[in-house]
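Single-structure report; data block below.
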Amino acid sequence: MENVLQHFRKEEQPFIEQVVSMMREVEDRYAPKLTDFLDPRQQFILDSIRRQYEEIDSSAQGALEDAERRRVLLFPSYYTPSDNDFSSKVVEVHYPTKFVTLKHKDVLGSMMSLGIDRSKFGDIRVQDGAIQFVVALEVLDYVRANFTSIGKVKVHINVIEDPIDYFVQQEEWITDTLTVSSLRLDTVIASVFNISRQKSASLIQGGKVKVNWSEKDQVSLELQELDLLSIRGHGRVKLIMIEGRTKKDKLRLQIGRLELKN
């Protein structure tokens, strides 16, 4: 296990400890255990740890097709999971679209004001002003009762029972290969968007950069595989794979880029 832990950041230790505790519970009780919604980096960490346990399998589901945020079920290898094990529902938000158009950030802001942790919510999808999001079944009743406005706009939500009505992912990630001198946050952002290191650093220090949904102001932060970057005003980037080093000792990265749509 020590060999596994050395690949992760210090700030990821509490999550790692939580995962190890869940693994042991599955082992001891011979019963499945469900996580909250995890981002891609957390899913990667969990899978890295799970591989140390021969008798435990896992399955991930985010309700929506190609979901980014997913709940992971850990279970004894003889167990066969079903959709119900993931305890998730897709809901649609209804509001007067003739008068206002709500965006992803508006939905997320109101969601967070409910006092429920982000980990109880999956993906949010907005298409032509229509909104759907995924919510953990255990907080659904509370969300239905209290998610009544987004900003000054009155809204109400209802559960979508038929998966045929779920929004399909319309975001298109452009994959690319990049060579960088290091995995520092400022270096990677400068390379991806073809801007100076100075401009990259000012974006980071100005609070405009998030790594795995958390704001980061440390320009020298070392990125790792499956980190997801969000740069306000520029778009989103995910570090898909660190492919190795070039002959000139630079790092070759496989990245995905999601450009901002106006």
Side-chain angles (χ1 to χ4, degrees), residues 1-20 38-52 60 66-70 72 104-105 108 118 123 169 171-262:
M1 184 63 73
E2 285 299 320
N3 292 339
V4 173
L5 297 185
Q6 70 186 8
H7 297 295
F8 303 124
R9 302 185 181 100
K10 191 174 182 181
E11 68 211 51
E12 292 170 333
Q13 291 298 321
F15 176 70
I16 291 166
E17 288 166 11
Q18 182 186 343
V19 169
V20 170
L38 307 181
D39 63 45
R41 173 68 183 169
Q42 290 172 320
Q43 292 170 46
F44 172 74
I45 292 170
L46 180 144
D47 197 53
S48 300
I49 296 168
R50 183 197 59 77
R51 290 178 193 179
Q52 311 296 309
D66 296 324
E68 198 168 72
R69 297 174 60 81
R70 302 178 183 202
V72 179
H104 187 286
K105 64 179 181 181
L108 182 60
R118 178 72 176 98
D123 284 12
Q169 181 65 277
E171 292 180 339
E172 281 193 35
W173 289 84
I174 301 162
T175 55
D176 205 354
T177 302
L178 201 67
T179 53
V180 292
S181 57
S182 79
L183 289 170
R184 280 173 53 121
L185 182 57
D186 59 345
T187 302
V188 173
I189 289 175
S191 298
V192 170
F193 296 106
N194 198 23
I195 58 177
S196 69
R197 281 270 295 277
Q198 189 176 3
K199 174 75 188 296
S200 172
S202 70
L203 286 170
I204 297 162
Q205 292 164 339
K208 295 185 177 180
V209 175
K210 290 184 178 180
V211 179
N212 302 326
W213 288 272
S214 295
E215 191 177 299
K216 300 294 180 187
D217 59 7
Q218 185 187 352
V219 294
S220 60
L221 177 76
E222 288 277 313
L223 294 177
Q224 297 190 13
E225 280 188 339
L226 290 180
D227 276 341
L228 184 72
L229 283 62
S230 178
I231 301 96
R232 199 183 314 158
H234 287 75
R236 296 165 76 199
V237 178
K238 57 183 170 186
L239 205 170
I240 299 168
M241 188 186 298
I242 301 167
E243 294 184 341
R245 291 192 175 271
T246 66
K247 289 179 181 177
K248 294 184 178 179
D249 207 33
K250 289 201 167 189
L251 287 160
R252 185 185 290 108
L253 310 179
Q254 187 181 339
I255 63 155
R257 195 169 69 231
L258 186 66
E259 302 285 4
L260 277 182
K261 291 181 181 176
N262 296 324

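Keep in mind that what you see is a predicted model, and the values were worked out from it rather than measured. Atom set for the values below is all heavy atoms of this structure, side chains included, hydrogens, waters and symmetry mates excluded.
- Closest non-hydrogen pair, L226 versus I240, comes out as CD2-O, 4.2 Å.
- Among all heavy-atom pairs drawn from I189 and S200, the shortest one is CB-OG, 3.4 Å.
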Legend entry - Stepwise salt bridge (Lys or Arg N to Asp or Glu O under 4.0 Å) check, E68 with R236: CA-CA 13 Å; E68 198 168 72; R236 296 165 76 199; 2.8 Å; yes
Inset, instruction - Kindly indicate, with the supporting measurements, whether the criterion side-chain contact (heavy atoms from CB on, under 4.5 Å) is fulfilled by I16 and I49. - result: CA-CA 8 Å; I16 291 166; I49 296 168; 3.7 Å; yes
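- Remark: D176 pairs with I255, R257 by the side-chain contact (heavy atoms from CB on, under 4.5 Å) rule, at least two apart or across chains.
- L203 is listed as a side-chain neighbour of H234, based on a closest heavy-atom distance under 4.5 Å.
- At least one donor-acceptor pair closer than 3.5 Å links the side chain of S191 to the backbone N or O of T187.
- Sorted by first then second residue, the salt bridge (charged side-chain N to carboxylate O under 4.0 Å, His left out) pairs that include residues 186-203, not counting sequence neighbours, are R184-D186, D186-R197.
- Here the side chains of R245 and R252 are not in contact, with every heavy-atom distance at 4.5 Å or above.
- Using a 4.5 Å heavy-atom cutoff, the side chains of F193 and V237 are in contact.
- Using modelled atom types, one finds a donor on one side chain and an acceptor on the other under 3.5 Å when comparing Q224 with R41.
- For the pair V19 and I45, the minimum side-chain heavy-atom distance is 4.5 Å or more.
- A search for side-chain contact (heavy atoms from CB on, under 4.5 Å) contacts involving K216 returns E11, L185, V211, S214, L221, not counting sequence neighbours.
- Although no hydrogens or angles enter the test, the distance criterion places a donor-acceptor pair under 3.5 Å between the side chain of R232 and the main chain of G207.
- L239 is not listed as a side-chain neighbour of L228, based on a closest heavy-atom distance of 4.5 Å or more.
- A pairwise comparison of heavy atoms in S48 and F8 identifies CB-CZ, 3.9 Å as the closest pair.
- Ion pairing of R9 with D227 is present here, as a side-chain N (NZ or NE/NH1/NH2) and a carboxylate O approach within less than 4.0 Å.
- No donor-acceptor distance shorter than 3.5 angstrom exists from the side chain of Q13 to the backbone of K10, with no hydrogens or angles considered.
- In terms of modelled atom types and a separation under 3.5 Å, the side chain of E243 and the main chain of Q254 share no donor-acceptor contact.
- The backbone N or O of R69 lies less than 3.5 Å from a partner atom in the side chain of D123, making a donor-acceptor pair.
- Residue V188 comes nearest to S182 through the heavy atom pair CG2-O, 4.0 Å, listed as atom of the first residue, atom of the second, then distance.
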